[in-house]
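In listed order, ligands and their atoms are each counted from 1. Keep in mind the model is a prediction, meaning the values are calculated, not measured.
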Amino acid sequence: MKKVLILEDEENIRSFVVINLKRAGYEAIEAGTGMEALEKLREHPDVGVAILDIMLPDIDGFEVCRRIRATTKQIGIIMLTARTQEMDKITGLMTGADDYVTKPFSPAELTARIDALYRRIGGESGMTSDFLTQGPFVMNLRNHTLEKFGSFIKLTQVEYAIMKLFMQNPGRALSREDILSSVWGKDYDGELKIVDVNIRRLRIKIEDDTANPSFITTVWGFGYKWGA
Ligand code: CA
């Protein structure tokens, strides 16, 4: 999943951004201070875009930006500026940043800027595509939607996760345990039967003939496989 770091000391703004990042299909990494942001970036070198507030309790956003740029050119940086700050001064200080968004901002505005940055930097660093395609199916990983021959198929979150796992592993036999731990999590201690129940439902939605499934096939005594 594409990662975005949000550095903002005001918790309500930060969580507002996080909610909207998740909704737009990004994984959000949070930091409340400049030093924490730099540490989180070392932990997550695959962060593609960083959103930096300027006024912070320790080092300011410009300094964070400068330090990020000292180690990496690849990451996209968006500064969060307040309307009351003088723009001339800010643009002068913003040398390492790629873009800025003025508070208060709409979630759509912010995600549009992030998307644009991701497109720009993504091309060069070989970021993965937002789509998975298998036969007549197209999965949009950003919007969590699935289409078959161009028609949307409504899926639950669990069905979507199972479908994604299959589409990412075509031709590979997946044990029911594999599916359970990948979709429900390693700590889930429910019954394996839940896998079969969901696959039966998923087949009704995606197969042409549920009696003779051709997309999700059964591997007897083991699990399931995408394709014959
Ligand atoms: Ca602040």
**Q** Roughly, to 10 degrees, what angle do Met55 atom O and Asp9 atom OD1 form around the Ca ion (ligand 1)?
**A**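 Rounded to 10°, it measures 90°.
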**Q** Hey, are Asp98 and Arg69 close enough for a salt bridge, meaning a charged N less than 4.0 Å from a carboxylate O?
**A**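 Looking at Asp98 and Arg69, the cut-off is met.
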**Q** Is Glu10 close enough to the Ca ion (ligand 1) that one of its N, O or S atoms comes in under 3.0 Å?
**A** no
**Q** Give a yes or no answer on whether the side chain of Asn169 reaches the backbone of Leu165 with a donor-acceptor pair at less than 3.5 Å.
**A** yes
**Q** So, of the N/O/S atoms that Asp53 has, which is the nearest one to the Ca ion (ligand 1)?
**A** OD2
**Q** Taking the basic N atoms (NZ, or NE/NH1/NH2) and the acidic carboxylate oxygens, is any pair closer than 4.0 Å for Asp53 and Lys103?
**A**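 Salt bridge flag = yes for Lys103 with Asp53.
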**Q** Could you measure the distance from the CD1 atom of Ile51 to the CG atom of Leu21? Nearest 0.5 Å is fine.
**A** 5.0 Å
